[in-house]
S.K.: 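Below is the structure I would like to discuss, written out as structure tokens.
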Amino acid sequence: NAGVTQTPKFQVLKTGQSMTLQCAQDMNHEYMSWYRQDPGMGLRLIHYSVGAGITDQGEVPNGYNVSRSTTEDFPLRLLSAAPSQTSVYFCASSYGQKGRDGYTFGSGTRLTVV
Amino acid sequence: SQQGEEDPQALSIQEGENATMNCSYKTSINNLQWYRQNSGRGLVHLILIRSNEREKHSGRLRVTLDTSKKSSSLLITASRAADTASYFCATDEAAGNKLTFGGGTRVLVKP
């Protein structure tokens, strides 16, 4: 019962580099989302998906892309990293839509852009 | 400002004492959830209270919801050092398409 698995746990990027944060869940949850957590700002929604093949933007989508080719996987791609994207990123999934029955979170990816 | 805002921002208590934190929100909700985050870890779902419920218990946790005041409180009774964490409320807005998280309350339980 792995739950939500995120990789990598830590990453340092140079400005302008691209990378993909991986997220996988084994609970057959339809709804998955990506949040970023910054000091004093709580969690902000980047992108979400209501099921395989369907994605939509959250409140802070600029600079990020997502895809959902399978129910299990929901990768987050940084197109051209900027220092403002230094943050801790969390992937979360839920059985019900938009986490209304409670999210299961991954352990996070701490990203530093220099 | 955010939909859910916790108060206080930080709380320091002795082991065995109770810890109370509050969450205020602005719009109508379907439910309100509380999460715990230990340092360097992901958030863990603690308890969910629906808009038609006023109080809910889970072990040493007690959650209340007052929809007329648009506020909720989380009480941790007989706190332990292991309760040291940040606690977040999250609101499922009736008219929204996402959960909205507050900024959290940092709780330190001193042995």
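Lettering of chains follows the sequences in order, A, B, ..., and the numbering in each one begins at 1.
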S.K.: With a 4.5 angstrom heavy-atom cut-off, which part of A:E59 approaches chain B: side chain, backbone, both or neither?
M.R.: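 Side chain of A:E59 only, per the 4.5 Å heavy-atom cut-off to chain B.
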S.K.: Which residues in residues 30-59 of chain B have a heavy atom less than 4.5 Å from any heavy atom of chain A?
M.R.: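 B:N30, B:N31, B:Q33, B:Y35, B:Q37, B:G40, B:R41, B:G42, B:L43, B:H45, B:L48 fall under the 4.5 Å cut-off.
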S.K.: Please check if B:I29 and B:V63 belong to a single hydrophobic cluster, counting links between Ile, Leu, Val, Met, Phe, Trp and Tyr side chain heavy atoms closer than 4.5 Å.
M.R.: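 Yes, B:I29 connects to B:V63 through the hydrophobic network.
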S.K.: Is chain B contacted by the side chain of A:F90, its backbone, both, or neither, given a heavy-atom distance below 4.5 Å?
M.R.: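 The side chain, not the backbone.
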S.K.: What about B:I76 and B:L65, same hydrophobic cluster or not, with Ile/Leu/Val/Met/Phe/Trp/Tyr joined at side-chain heavy-atom distances under 4.5 Å?
M.R.: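 Yes, it is one cluster - the side chains of B:I76 and B:L65 are joined through contacts under 4.5 Å.
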S.K.: Check the hydrophobic clustering (I, L, V, M, F, W, Y; side-chain heavy atoms under 4.5 Å; chains of links allowed) and say if A:Y103 and A:V4 are grouped together.
M.R.: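 No, separate clusters.
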S.K.: Is the backbone N or O of B:E93 less than 3.5 Å from a side-chain atom of A:K98, with the two atoms forming a donor-acceptor pair by type?
M.R.: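 Flag set: sc A:K98 to bb B:E93 pair under 3.5 Å.
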S.K.: Determine whether A:L21 and A:Y35 fall in the same hydrophobic cluster, where Ile, Leu, Val, Met, Phe, Trp and Tyr are linked whenever their side-chain heavy atoms lie under 4.5 Å apart.
M.R.: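 No, A:L21 and A:Y35 fall in different hydrophobic clusters.
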S.K.: Heavy-atom distance under 4.5 Å to chain B: side chain of A:Q6, backbone, both or neither?
M.R.: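 Contact with chain B involves no heavy atom of A:Q6 at all.
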S.K.: Are A:Y64 and A:F105 linked, directly or through intermediate hydrophobic residues, by side-chain heavy-atom contacts shorter than 4.5 Å (ILVMFWY only)?
M.R.: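 No, no single cluster joins them.
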S.K.: Who among A:V88, A:D56, A:D101 has the most heavy-atom pairs with chain B under 4.5 Å?
M.R.: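 Winner by heavy-atom pair count: A:D101.
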S.K.: Drop me the distance from A:S94's OG to B:L99's CG, to the nearest 0.5 angstrom.
M.R.: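 So the OG of A:S94 and the CG of B:L99 are separated by 7.5 Å.
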S.K.: Looking at A:G106, A:G108, A:G102, A:S33, which has the largest count of heavy-atom pairs under 4.5 Å with chain B?
M.R.: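 Option with the greatest count: A:G102.
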S.K.: Can you list the residues that meet the ring-ring contact (aromatic ring centres under 6.0 Å, His included) rule with A:Y48, with sequence neighbours excluded?
M.R.: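 For A:Y48 the ring-ring contact (aromatic ring centres under 6.0 Å, His included) partners, ignoring immediate neighbours, are A:Y31.
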S.K.: In Å, rounded to the nearest 0.5 Å, how long is the span from CZ of B:F101 to CZ of A:R44?
M.R.: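 Rounded to the nearest 0.5 Å, the CZ-CZ separation comes out at 14.0 Å.
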S.K.: Which atoms form the tightest heavy-atom contact between B:F88 and A:L43, and what is the distance?
M.R.: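 For B:F88 and A:L43, the tightest heavy-atom pair comes out as CE2-CD1, 4.3 Å.
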S.K.: Around A:R77, counting heavy atoms of other residues, nucleotides and ligands shown, do more than 12 lie under 6.0 Å from its CZ?
M.R.: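 Check passes, neighbour count above 12.
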